[in-house]
Amino acid sequence: MAGPPRTRTGVPQQPFRAIVSQWWGRLDRVLPQTVTVTGIGADGWAGLSPGSRAAIEQAGVVVGGPRQLALLPDSVAGRRIPLPSPLLPGLSELLGEAALADGGLADGGLADGALADGALADGGLADGGLADGGLVVLASGDPMFYGIGSTLVRLLGASRVKVLPHPSSVSLAAARLGWPLDDVEVVSLVGRPLELLHPALQPGRRVLALAAESTAAADVRALLDARGFGASPVTVLADLGGPAEAVGPADGRPHSRLAIIAIDCRLDPGAAPLPRTPGLPDDAFEEDGQITKREIRALALAALAPVPGQLLWDVGAGSGSIGIEWMRAHPASRAIAVEPRADRRDRIIRNAAALGVPGLVMVPGAAPEALAGLPRPDAVFIGGGVTVEGVVQACWEALDAGGRLVANAVTIEGEIALAGWHRALGGSLTRIAVERAGGLGSFTAWRPALPVVQWSARKAPR
């Protein structure tokens with residue numbers, strides 16, 4: 001199969017995981033049986049538990065960002081391997097802007113640097129630095145919250161990673177604000193687009209945004225104003241737990257890069273909310289007439305049954321409305337939009353950003369050819385092209401057992417094609433008619449839209 005889909009910038013998705021995997025793979029022969037990942041806060045050595053202190057003191061090598069390493073006392077004898085930031089010229093091909101593109105190494109990650117091929121070459125692990133002790137990796141806050149701890153567990157297995165957590169910055173922020181943590185939405189903006197905030201902005205909700213830029217509060221305020229939440233109080237919580245801790249209202253001035261932006265969402269008078277439930281208003285999308293209308297879209301998404309973490313193919317995406325609403329259902333949901341027209345692809349990208357799912361993957365080209373090499377989907381929506389030879393068959397064959405396929409048609413030829421697939425594969429065939437009231441002289445009359453035939457089927461186990 002071909003390589004992974006690329007984002008709209010052309011960068012392969014999830015490169016950070018691959019980079020970490022290569023880095024650790026080269027060290028696997030010299031790693032101890034267990035790697036210890038220790039969270040450390042802005043309060044440094046004084047804030048560590050006795051167990052975390054003992055692990056660091058007994059380590060032969062301590063790996064961490066310069067900020068974390070600087071928090072250790074001179075009594076720590078293990079070799080310190082810094083991870084430089086910003087990225088330095090001349091480092092290995094493993095470095096690059098993609099190193100942080102998978103986002104979210106703010107709390108628990110190595111926020112002060114990227115994993116550098118060669119960072120260990122000058123002593124340390126490469127020349128037996130582990131001979132006198134174990135390996136400890138330092139992480140900001142809780143290593144399992146958007147952090148390197150989660151990555152190492154995925155790569156090495158839980159049995160080879162011992163995690164010693166520290167209170168996360170989110171826990172500290174909730175404590176300072178008096179916000180119940182179980183009733184707060186957390187969004188990481190570290191190495192990620194600001195537009196990810198959009199789905200979280202709902203009236204009466206509270207949001208904690210992890211930031212890594214000194215202008216984050218001002219950027220968030222501008223987004224709130226544009227989105228109809230300008231009345232929302234915004235608080236900056238910087239350097240939590242450390243001597244430089246500062247908590248106060250956002251005033252437009254730069255702040256520490258180690259900050260959380262707290263938003264108490266309040267909708268402006270006259271503004272309309274955009275909930276995560278399927279069926280956004282048609283005017284929420286930029287479109288040229290090629291859009292699955294609101295009522296039809298809601299029914300299609302109900303049949304597609306979005307499940308967190310699953311992947312949708314939106315084939316013949318048009319304005320991207322189906323894929324976008326699929327992704328808005330849950331932050332872990334993923335979608336690939338396949339669209340042959342360049343102007344519509346550009347429009348889909350703008351819609352995805354404006355509605356809070358900039359991670360939507362765009363694939364140029366027409367089905368079925370453009371489907372070759374794509375990751376196997378959990379669900380497929382065909383909004384156009386059901387009469388094109390090979391499209392429905394390719395989509396159906398790509399699904400595993402339990403996968404869902406939903407296809408719409410408005411023409412007689414499309415209806416005939418879907419009726420044939422219904423006979424062959426089963427599922428349900430539904431004809432949907434929507435009428436809207438409109439003016440007729442001085443009276444009001446029903447104006448019918450074109451009826452839509454929807455075929456939906458779930459693939460049975462073989």
Side-chain angles (χ1 to χ4, degrees), residues 275 277-285 287-307 310 312-326 328-329 335 337-340 344 348 351 366-368 371 377-399 402-440 444-460:
T277 49
L280 291 177
D282 293 340
D283 60 11
F285 299 89
E287 44 96 4
D288 62 357
Q290 191 70 18
I291 183 174
T292 304
K293 298 295 185 181
R294 181 180 193 173
E295 298 85 355
I296 308 299
R297 190 183 333 123
L299 291 171
L301 284 158
L304 288 166
V307 174
Q310 290 196 345
L312 170 77
W313 286 359
D314 186 358
V315 179
S319 65
S321 62
I322 294 289
I324 288 170
E325 292 226 47
W326 168 281
R328 281 176 60 88
V338 180
E339 173 55 48
R344 288 178 176 164
I348 291 169
N351 282 334
L371 306 179
D378 301 287
V380 178
F381 177 73
I382 307 175
V386 297
T387 60
V388 176
E389 183 69 27
V391 170
V392 176
Q393 181 176 350
C395 292
W396 183 256
E397 290 178 352
L399 290 170
R404 291 87 66 198
L405 190 151
V406 175
N408 285 356
V410 296
T411 67
I412 293 175
E413 292 80 3
E415 290 185 13
I416 293 171
L418 293 186
W421 285 109
H422 177 248
R423 284 193 301 272
L425 299 174
S428 65
L429 195 63
T430 308
R431 196 164 190 257
I432 307 163
V434 177
E435 299 183 5
R436 296 182 178 87
L440 183 63
T444 304
W446 293 108
R447 298 187 177 276
L450 287 173
V452 176
V453 170
Q454 180 190 93
W455 172 57
S456 62
R458 182 181 294 266
K459 198 168 187 179

K.L.:
Write down the atom of Trp326, the atom of Ala379, and the distance for their closest heavy-atom approach.
P.N.:
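Between these two residues, the closest heavy atoms are CH2-CB, 3.8 Å.
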
K.L.:
Just so I know, are the side chains of Leu399 and Arg458 near enough to count as touching, which here means a heavy-atom distance under 4.5 Å?
P.N.:
no

K.L.:
Do you know the tightest heavy-atom contact between Ala398 and Trp313?
P.N.:
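Result for this residue pair: CB-CH2, 3.5 Å.
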
K.L.:
Decide yes or no for Trp421 and Leu405: does some side-chain heavy atom of the first lie under 4.5 Å from some side-chain heavy atom of the second?
P.N.:
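Contact flag for Trp421/Leu405 side chains = no.
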
K.L.:
Rounded to the nearest 0.5 Å, what separates atom CG in Leu429 from atom CG in Leu418?
P.N.:
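Spacing of CG (Leu429) from CG (Leu418) equals 6.5 Å.
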
K.L.:
Quick one: does any side-chain atom of Arg328 pair with a main-chain N or O of Pro275 as donor and acceptor, under 3.5 Å?
P.N.:
yes

K.L.:
Could you check whether any side-chain N or O of Arg404 sits under 3.5 Å from a backbone N or O of Leu304, counting only pairs where one atom can act as donor and the other as acceptor?
P.N.:
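A pair under 3.5 Å: yes.
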
K.L.:
Looking only at non-hydrogen atoms, find the nearest pair between Gly323 and Leu312 and report the distance.
P.N.:
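The pair with the smallest heavy-atom distance is CA-CD2, 3.8 Å.
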
K.L.:
Does Asp282 reach the main-chain N or O of Arg294 with its side chain, forming a donor-acceptor pair under 3.5 Å?
P.N.:
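Indeed, once roles are kept as given, a pair shorter than 3.5 Å links the two residues.
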
K.L.:
Donor-acceptor pair, Glu415 side chain versus Ala409 backbone, under 3.5 Å?
P.N.:
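Flag not set: sc Glu415 to bb Ala409 has no pair under 3.5 Å.
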
K.L.:
What pair of heavy atoms forms the shortest contact from Gly414 to Val386, and how long is it?
P.N.:
CA-CG2, 3.9 Å

K.L.:
Is it the case that the side chain of Arg431 and the backbone of Pro451 share a donor-acceptor pair, with hydrogens and angles ignored and the cut-off at 3.5 Å?
P.N.:
no

K.L.:
Compare every heavy atom of Ile382 with every heavy atom of Cys395, then report the nearest pair and how far apart it is.
P.N.:
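Looking at all heavy atoms of both residues, the shortest contact is SG-CD1, 3.9 Å.
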
K.L.:
Looking only at non-hydrogen atoms, find the nearest pair between Thr387 and Ala417 and report the distance.
P.N.:
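Closest approach of Thr387 to Ala417, heavy atoms only: CG2-CB, 4.5 Å.
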
K.L.:
Within the structure provided, determine whether Leu301 and Phe381 are in side-chain contact (heavy-atom separation under 4.5 Å).
P.N.:
no

K.L.:
Under 4.5 Å between any side-chain heavy atoms of Leu299 and Gln454, yes or no?
P.N.:
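SC-SC contact between Leu299 and Gln454 confirmed.
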
K.L.:
Please name the residue in the list Val391, Val338, Val380 that meets the side-chain contact (heavy atoms from CB on, under 4.5 Å) test with Leu371.
P.N.:
Val338

K.L.:
For Glu389, does the CD atom have more than 12 heavy-atom neighbours from other residues, nucleotides or ligands under 6.0 Å away?
P.N.:
no

K.L.:
Please check this pair: side chain of Arg344 against backbone of Glu339, looking for a donor-acceptor N/O pair closer than 3.5 Å.
P.N.:
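Not confirmed, Arg344 side chain does not pair with Glu339 backbone.
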
K.L.:
Measuring from Arg297:CZ to Ile324:CD1, what's the distance to the nearest 0.5 Å?
P.N.:
9.5 Å

K.L.:
Could you check Leu425 against Trp396 for side chain to side chain contact (heavy atoms under 4.5 Å, CB included), going step by step and ending with a plain yes or no?
P.N.:
CA-CA 10 Å; Leu425 299 174; Trp396 183 256; 3.7 Å; yes

K.L.:
Any side-chain heavy atom of Glu287 sitting closer than 4.5 Å to one from Asn351?
P.N.:
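Not touching, per the 4.5 Å side-chain cut-off.
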
K.L.:
Give the intermediate values and the outcome of side chain to side chain contact (heavy atoms under 4.5 Å, CB included) for residues Val406 and Ile322.
P.N.:
CA-CA 11 Å; Val406 175; Ile322 294 289; over 6 Å; no

